[in-house]
Amino acid sequence: MNIFRHFETRIEAALNALVAEGTLPSGLDFSRIAVEPPRDASHGDLSTNAAMVLSKPAGMNPRALAEKLVEKLKSEAAVTEVTIAGPGFINLRLTSEIWLGGILDVLAAGAAYGASTLGAGKNVNVEYVSANPTGPMHVGHVRGAVFGDALANLLEKVGYRVCREYYINDAGGQIEVLARSAFMRYREALGETITIPEGLYPGDYLVPVGVALAKTHGDKLLKAPDTEWLPVVRDTTMAMMMDLIRGDLAVLGIVHEVFFSERTLHQNGAVEAVLKLLDEKGLIYTGVLERPKGDASEDWEERPQTLFRSTQFGDDQDRALKKSDGSWTYFAPDIAYHYDKFQRGFTTLIDVWGADHSGYIKRVKAAVAAITDNQAEIDVKVCQMVRLFRDGEPFRMSKRAGDFITLRDVVDEVGKDAVRFMMLTRKNDASLDFDFAKVMEQSRDNPVFYVQYAHARICSVLRNAAEQGIDIAEASLAKADLSLLKDEAELALVKQMGAFPRAIEQAAQAHEPHRIAFALNDLAASFHGLWNKGKDEPGLRFILADNRDVTIARLTLIRAAALVLSAGLGVLGVKPAEEMR
RNA sequence: GGUCCCGUAGCUCAGCUGGAUAGAGCAUCGGAUUUCUAAUCCGACGGUCACAGGUUCGAAUCCUGUCGGGAUCACCA
């Protein structure tokens, strides 16, 4: 049971009762009412702003309204005290039984703890990574990949049906460049000595592609004209690059359900179709864009182009759909792509992009609004840059060919779990510092370690208990007398666990998985604090030789805490550590 | 120049979609260990929430403007 959600409904019931007896007018909007933990725990267990929010529409003084509401809430089960504070906050204090009961919920739910039906099975499409298929993924892709994946997990956790999607940019000019680069490697594989010309991809990840081409085609392609070998080489290369990328993503534990090819949109006429749709709405014209202000470059020239009236949907400028030579811009198939998502039944779209694409948000939102007649909502999450540090020193990747840090480099050095957690310790729209040393550091300062250590510590205590012959089977723990948990720090931990489902829901609604990382850090802090309290007061230790019942109750408590930690880590895609070594 | 993001303690950052006396970690200072792993914990110190207006019962949070930092810009993808 989500205690906050439970009391939300109880408060609404109380308000409805007040409406029924004429104390409050009907037709009030309850949507802004919040039930939350008070900022200061001394105020109580729960706090609601109901009286303040409803005061104006009800035409009542907030405190007077609060008093009426308090009358109703006093009789509520599990409520021990109701007070009015400040401008009209209503603070509730609950029995410790109801909080302690939450421990059983955790045990019953296990790693699924915090799951809810908020999303009601609604389809959500999360598009993330979508890196150009021209080589292995580099470190710059990692944050968006982890963010998108954790967000997808989070939405699934609260009951959405999530489609994880990757848009393959396999139609642009860079694909031909890639194919030509692979062709060089093909010649190399046939025994030629090659030098990769300027402008082609020099990376040696194409060497296996050349070998594969040579194996399949022998020297047949050498004699063929461009028009013949190019499609062959392109398709083979693309397939191998996507395998490479899927492998990279797998290293991070990421698996997409749908890989959507841009090229298919050109081939099946979807781009023309969506342009026709926009044209019928009168949103397309031929015109000339103005020179961007502040652009003093020489090579600017006026060009008549096919333009989309994105300014009608909040964009700053109309946007080109065709280049001056009549071919499509990148934007045109992208509209078709988003329309395709809509046609596949998605009315909630989330795109995860890097900071370098932020200038693209308005036009895509405009396009989605236009083609779906505002029937779909799209949220574009931009992940700001990751700055890399080694031992506190920033370092940049040089642009020189081949000299970039790959996703695999990072994962090989610090491990999948550390990378994933660290990437989620900032909100997406703030830039993030990633220090290789800090991620591996075993200290309070490193949240990756700190949270893992809390979990491992609990596992360690449970192992010790088992060695001492204490039955820690789930079924036995479920029968513990939890009323023996009386210490303030114990109850604080229990309340924090009880608030966890709420944290999950709010993170999901805000599309902000980083909040889970912070909630876990807080939970770990409460546990470490409790553990250490047992040092000062031996009577508070988890395992007491002379009191089996209290021991069982405490082991149940920390077992539940471990489950909550692993539930949260699960959302982040991080495996909880059983021990630290 | 336009657009987007950021600006909160000396440093790195949270701040629950507008709530109560703005919170953590690091650093500094003072404490706790024959350990259920001290790889941890407890306490103290530390703030004009960049600045100026506005909206209202109430603003770090929303709006306008200014300043500072970053990203980005028309036929690349």
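Source: prediction; values computed, not measured. FYI, side chains are in, hydrogens and waters are out, and symmetry mates aren't considered; it's all heavy atoms of this structure. Every chain is numbered from 1, with letters handed out A, B, ... down the list of sequences.
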* Test log, rule ring pair (Phe, Tyr, Trp, His ring centres under 6.0 Å), inputs A/Y167 and A/Y337 -> CA-CA 9 Å; A/Y167 182 52; A/Y337 172 48; 4.1 Å; yes
* Structure fact -> Looking only at B/rA14, B/rC75, B/rU12, the nucleotide nearest the A/S324 side chain is B/rC75
* Using the P atom as the reference point in each nucleotide, state the distance between B/rC41 and B/rC4 in Å, no decimals. => 42 Å
* Would you classify A/S55 as touching base, sugar-phosphate or nothing, given that sugar-phosphate means primed atoms plus P, OP1 and OP2, and contacts are heavy atoms under 4.0 Å? => nothing
* Once the angle between the rings of A/F331 and A/Y360 is folded into 0 to 90°, is it parallel (under 30°), tilted (30 to 60°) or perpendicular (over 60°)? -> perpendicular
* Asked: Base, sugar-phosphate, or nothing for A/A456, non-hydrogen atoms under 4.0 angstrom?
  -> base
* Asked: What is the distance from CZ of A/R426 to C1' of B/rU12, rounded to the nearest Å?
  -> 6 Å
* Reckon A/A355 touches a base, only the sugar-phosphate, or nothing at all at heavy-atom distances under 4.0 Å? -> sugar-phosphate
* **5'-most by nearest nucleotide on RNA chain B - A/K362 or A/L530** => A/K362
* Check every strand shown and say whether A/R444 touches a base, only sugar-phosphate, or nothing at a heavy-atom separation below 4.0 Å. => sugar-phosphate
* Asked: For the base of B/rA77, is there a side-chain donor-acceptor partner from A/D170 under 3.5 Å away?
  -> no
* **Under-3.5 Å donor-acceptor pair between A/D356 side chain and B/rU72 base** => no
